[in-house]
A.B. asks: 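My questions will all concern the structure given below.
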Amino acid sequence: MEIDQAIAQQFDCPRQVTRISPLGRGHINDTFLVLFADGPDHVLQRINHFVFPRPEWVMDNIVRVTQHLQAKVAHLADCHQRSLKVIHTRMGRSVHLDDKGQYWRMYSRLHPMQSYDQLQTPRQAYFVGRSFGEFQGLLADLPQPRLHETIVDFHHTPRRLARLLHVAQADPQRRRARAQREIDFAQKREHRVEMLVEAQRRGEIPERITHNDTKLNNLMFDEAGNEPLCVLDLDTVMPGLVHYDFGDMIRTGCATAAEDEEDLELVDFDRQLFSGICQGYLEAGRTFLTPREVEHLAFSAILMTLEVGIRFLTDYLEGDLYFKVHHPEHNLQRARSQFELVRKLEAAESQLHDLVMETWTRSGEMETVAG
Ligand code: GN1
Ligand code: MG
C-alpha cells in the first residue's frame with residue numbers, strides 16, 4: 001500500500017520524510033514506520049474504521065491512558081521506553097482524518113525492542129504476567145470519567161456466540177457446510193459462556209480498566225528479549241474484567257503452536273509457561289485482586305480462547321470482513337486451532353485451577369513474611 005507523505009506531514013514531527021515502510025503483524029490496523037531526513041523515526045497507523053467506529057474515542061482513551069502511564073513511570077531512567085507517546089497533528093488533534101475518510105495517528109518510535117509470537121522460557125512468562133498485571137495496577141487510579149467503550153460488548157462472550165449462530169443460520173457466503181463441526185463445538189459450550197458476565201452482573205467481580213487485547217506480541221521486550229518494557233496496542237483499553245487480560249495472556253503466551261496452526265497435533269499449551277504467567281500476574285495483582293476474581297482466572301483462559309475462536313469462525317462465515325486473512329480458509333483454520341487449544345485447556349481445567357489457587361495462597365504467605 002502506497003502512503004502519501006502528506007499524511008505524515010500533518011503531524012507535529014520532522015518534515016522531510018525519506019521512507020515509509022510497513023511494520024508489525026496486527027490483524028486490524030495498518031502500521032508504518034516513517035523515517036525522516038531531519039529527525040527521529042515515528043510510527044504512523046491507519047485506524048481500522050470498520051472495527052473502531054469511533055476513532056476519536058479510541059484516541060481520547062489512549063491520550064488519557066498514556067499520559068497517566070507516563071506520569072507513573074517518570075522517575076525511571078528508561079521512562080521513554082515504557083509507554084507509547086502520541087504525536088498530535090499540527091492542529092493539535094490526536095487523530096487526522098484525510099480526504100478519503102481514513103483515520104490516522106502517530107506515535108514516537110520506541111528504541112529497538114522485540115516481541116514474540118511464542119515464549120521460550122518460564123522466566124519470560126513470569127515477566128509477561130507481571131507486566132500486564134502491573135499495567136492493570138497502574139491504571140486502577142485513572143481519574144474519572146469512565147473510558148469510552150471503543151468496541152461495545154467486545155468480550156461479551158454470550159453475545160459473540162449468539163452472533164455466530166445467527167450468521168451460521170443466514171450463511172451469507174455459503175461456507176457453513178465447511179464449518180459445521182466448529183459451529184457445533186461452540187454451540188455445545190453455550191452453558192459456559194455466561195459465567196463471567198453473570199458473575200459481574202451479580203456483583204461478585206468488579207469492572208476495572210483492562211487492556212482487553214493482551215496478545216503476546218502486543219508486549220515489547222528489551223533488545224536482549226529478557227524483560228518486557230512496554231505494552232502496545234491500546235485501542236481496546238477500556239472498562240473490562242481482569243479475566244479478559246489473563247485469559248488472552250494464557251491463550252497466546254502458553255501456546256505451543258501458532259494461533260493459526262494447521263497441524264492440530266501441535267496445538268497445546270505449556271504448563272511451565274502457564275505457571276510462570278500465573279506467578280507474575282498474581283504477584284503484581286496482589287495489591288488489587290479479590291479472591292473472587294482469582295477463582296475465575298483458570299476458567300478465563302478457556303473462555304477467552306473459545307471466544308476468539310468464535311470470532312474467527314463468525315468472520316469466516318461472513319466472508320472475512322474483520323480480521324486480515326492471507327488465504328480464503330484462514331479464519332476457519334484459526335478457529336480450528338483455537339478450539340483445539342480449548343480442548344487441551346478444558347482437559348486440564350481442574351489442575352490449572354488448583355495451580356492458580358496455590359500460587360495465590362503462596363504469594364499471600366510471601367507477602368506476610370516480607371511485610
Ligand atoms: C486482534 O490487533 P491485534 O492483532 O493485536 C483483535 C483481538 C484478537 C486478535 C487475535 C481490536 O488483535 O481481539 O484477540 O486479533 N483485536 C481487535 O489474534 O479485534
Ligand atoms: Mg489490536
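All ligand and atom numbering here is 1-based and tracks the order in the structure.
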A.B. asks: Please report whether ligand 1 has a polar contact with Asp233, defined as an N or O pair separated by less than 3.5 Å (distance criterion only).
C.D. replies: yes
A.B. asks: So, do Tyr322 and Asn331 sit near enough that their side-chain heavy atoms are less than 4.5 Å apart?
C.D. replies: no
A.B. asks: Indicate yes or no: does Lys344 engage Glu340 in a salt bridge with an N to O separation below 4.0 Å.
C.D. replies: yes
A.B. asks: Assess whether a salt bridge exists between Glu365 and Arg362, defined as any Lys/Arg side-chain N lying under 4.0 Å from an Asp/Glu carboxylate O.
C.D. replies: no
A.B. asks: Identify, by atom number and element, the atoms of ligand 1 in contact range of Asn218, meaning under 4.0 Å from any of its heavy atoms.
C.D. replies: 5 (O)
A.B. asks: What atoms of ligand 1 come within less than 4.0 Å of a heavy atom belonging to Lys215?
C.D. replies: 3 (P), 4 (O), 5 (O), 9 (C), 10 (C), 12 (O), 15 (O), 18 (O)
A.B. asks: Using a strict threshold of under 4.0 Å (side-chain N to carboxylate O), is an ion pair present between Arg334 and Asp315?
C.D. replies: no
A.B. asks: I'd like to know if the side chain of His330 pairs up with that of Asp260 as donor and acceptor (distance under 3.5 Å, no hydrogens or angles considered).
C.D. replies: yes
A.B. asks: Given Thr252, Asn48, Asp213, which has its nearest heavy atom closest to atom 7 (C) of ligand 1?
C.D. replies: Asp213
A.B. asks: Hey, are Arg251 and Asp248 close enough for a salt bridge, meaning a charged N less than 4.0 Å from a carboxylate O?
C.D. replies: yes
A.B. asks: Within the 4.0 Å heavy-atom shell around Phe52, which atoms of ligand 1 are there?
C.D. replies: 11 (C)
A.B. asks: Looking at ligand 1, does Arg334 have a heavy atom less than 4.0 Å from it?
C.D. replies: no
A.B. asks: Enumerate the atoms of ligand 1 whose separation from the nearest heavy atom of Gly26 is less than 4.0 angstrom.
C.D. replies: 4 (O)
A.B. asks: Looking at residues at least two apart in the chain, or sitting in another chain, which of them share a salt bridge (Lys or Arg N to Asp or Glu O under 4.0 Å) with Glu227?
C.D. replies: none
A.B. asks: Give the contacting part of Phe312 toward ligand 1: side chain, backbone, both or neither, where contact means a heavy-atom distance below 4.0 Å.
C.D. replies: side chain
A.B. asks: Assess whether a salt bridge exists between Arg105 and Asp235, defined as any Lys/Arg side-chain N lying under 4.0 Å from an Asp/Glu carboxylate O.
C.D. replies: yes
A.B. asks: Are His42 and Phe11 near enough that their ring centres are under 6.0 Å apart?
C.D. replies: no
A.B. asks: Polar contacts were defined as any N/O atom of the residue lying under 3.5 Å from an N/O atom of the ligand; does this apply to Glu259 and ligand 1?
C.D. replies: yes
A.B. asks: Contact between ligand 1 and Asp235 is defined here as a heavy atom of the residue under 4.0 Å from a ligand atom; is it met?
C.D. replies: no
A.B. asks: As an exercise, identify every atom of ligand 1 less than 4.0 angstrom from a heavy atom of Tyr322.
C.D. replies: 11 (C), 17 (C), 19 (O)
A.B. asks: Do ligand 1 and His27 have nitrogen or oxygen atoms that lie under 3.5 Å from each other?
C.D. replies: yes
A.B. asks: Short N/O distance, under 3.5 Å, between Arg311 and ligand 1?
C.D. replies: yes
